[in-house]
Amino acid sequence: MAFAEISLFSYDSTVSPTDKLLIMGTIDGDIQSFHPIKLVIYDPSGNVVYQPNVAIDGDGKFKYLITPPIPRFDEGQYTVEASQENLEEKTRIYFMVSNDMSNGVFDEDMEAEIVPEFGTIAMMILVVSIVSIIGISAKNKMMFKSFTSS
């Protein structure tokens, strides 16, 4: 029997208390894919928050969306543990829940840029379009009146 292992990852390592977190993984090696992955999510106190069984697709991949327990995640480090019936080893990853999202979310090299929904040029095009529509409507209304009055 070939050696098999589970890999876990997420795009985020820090989330706010009301954020969702997508956990993805793969299982490599000789496994029986009809046995699901068992995820166990522990809160910072070590209590089990979720314990879902997650199906494995034909390529050995799986994913699970962790939603905050009602009303929200507690702050601190959470542990996600993955296991499968055919494997002896468990795999773990960790994520932090923090109200202070300035820590760990942006790299120092990243810059935030605010992009307005309507820039100056877009606003001018919108105004010209509205004025043109009003002008054409008024002209057509005048033509219609002169045509019906004759």
Side-chain angles (χ1 to χ4, degrees), residues 1-138 140-141:
M1 184 166 164
F3 179 71
E5 68 179 3
I6 300 173
S7 301
L8 285 175
F9 62 96
S10 177
Y11 293 119
D12 299 312
S13 61
T14 304
V15 296
S16 75
T18 57
D19 284 347
K20 297 177 182 177
L21 181 69
L22 181 63
I23 300 293
M24 297 160 283
T26 57
I27 187 162
D28 297 316
D30 187 19
I31 55 107
Q32 295 175 349
S33 63
F34 58 86
H35 291 293
I37 297 292
K38 180 179 180 180
L39 290 180
V40 182
I41 296 100
Y42 298 96
D43 69 9
S45 301
N47 300 319
V48 174
V49 180
Y50 295 108
Q51 200 169 3
N53 288 325
V54 182
I56 305 167
D57 71 12
D59 294 330
K61 297 179 182 178
F62 60 92
K63 59 186 169 184
Y64 183 75
L65 183 64
I66 301 173
T67 56
I70 295 176
R72 56 194 284 150
F73 284 119
D74 293 330
E75 286 192 67
Q77 180 174 293
Y78 282 72
T79 304
V80 179
E81 184 178 84
S83 62
Q84 207 247 5
E85 188 174 305
N86 298 320
L87 301 176
E88 293 178 17
E89 297 287 322
K90 295 179 180 180
T91 302
R92 291 179 186 90
I93 62 169
Y94 306 93
F95 68 95
M96 289 295 296
V97 175
S98 174
N99 277 323
D100 182 17
M101 291 305 294
S102 63
N103 293 337
V105 175
F106 294 104
D107 290 338
E108 290 179 12
D109 298 334
M110 294 176 66
E111 293 181 15
E113 181 179 341
I114 298 172
V115 180
E117 189 172 336
F118 287 103
T120 308
I121 295 173
M123 192 59 79
M124 284 195 278
I125 292 171
L126 180 64
V127 169
V128 169
S129 300
I130 291 171
V131 170
S132 299
I133 290 170
I134 292 171
I136 292 171
S137 296
N140 285 342
K141 190 175 185 180

Search all heavy atoms of K63 against all heavy atoms of V54 and return the closest pair with its distance. O-CG1, 3.3 Å
Could you tell me whether a side-chain N or O of S10 sits under 3.5 Å from a main-chain N or O of I23, the two making a donor and an acceptor? no
Any residue meeting side chain to side chain contact (heavy atoms under 4.5 Å, CB included) with V131, in chain and number order, not counting sequence neighbours: V127
Residues Y94, V80; criterion side-chain contact (heavy atoms from CB on, under 4.5 Å); working and verdict: CA-CA 6 Å; Y94 306 93; V80 179; over 6 Å; no
M96 side, atom CE; S16 side, atom OG - distance, nearest 0.5 Å: 13.0 Å
Backbone N or O of H35 within a donor-acceptor pair of the Q84 side chain at under 3.5 Å? yes
In the structure I gave you, are the side-chain heavy atoms of D74 and P69 within less than 4.5 Å of one another anywhere? no
Please list, chain by chain and in numerical order, all residues satisfying side chain to side chain contact (heavy atoms under 4.5 Å, CB included) with K90, sequence neighbours excluded. E81, S83
Note: P68 and P17 closest approach over all heavy atoms is CB-O, 3.6 Å
Which heavy atom of D12 sits nearest a heavy atom of V15, and at what distance? CB-CG1, 4.1 Å
Separation between NZ of K20 and CD1 of I66, rounded to the nearest 0.5 Å: 12.5 Å
Sole residue of T91, L87, I56 in side-chain contact (heavy atoms from CB on, under 4.5 Å) with I37: I56
Do any pairs count as a ring-ring contact (aromatic ring centres under 6.0 Å, His included) and have a residue in residues 50-91, sequence neighbours left out, and if so which ones? F73-Y78, F73-F95, Y78-F95
Within this structure, what is the OG1-CD1 distance for the pair T79 and I41, rounded to the nearest 0.5 Å? 10.0 Å
For the pair D57 (side chain) and D59 (backbone), establish whether a donor and an acceptor sit closer than 3.5 Å, ignoring hydrogens and angles. yes
How many angstroms lie between CG in N53 and CD in E85, if you round to the nearest 0.5 Å? 10.0 Å
Q77 side, atom CD; S13 side, atom OG - distance, nearest 0.5 Å: 10.5 Å
S98 and T14 have their tightest heavy-atom pair at CB-CG2, 4.2 Å
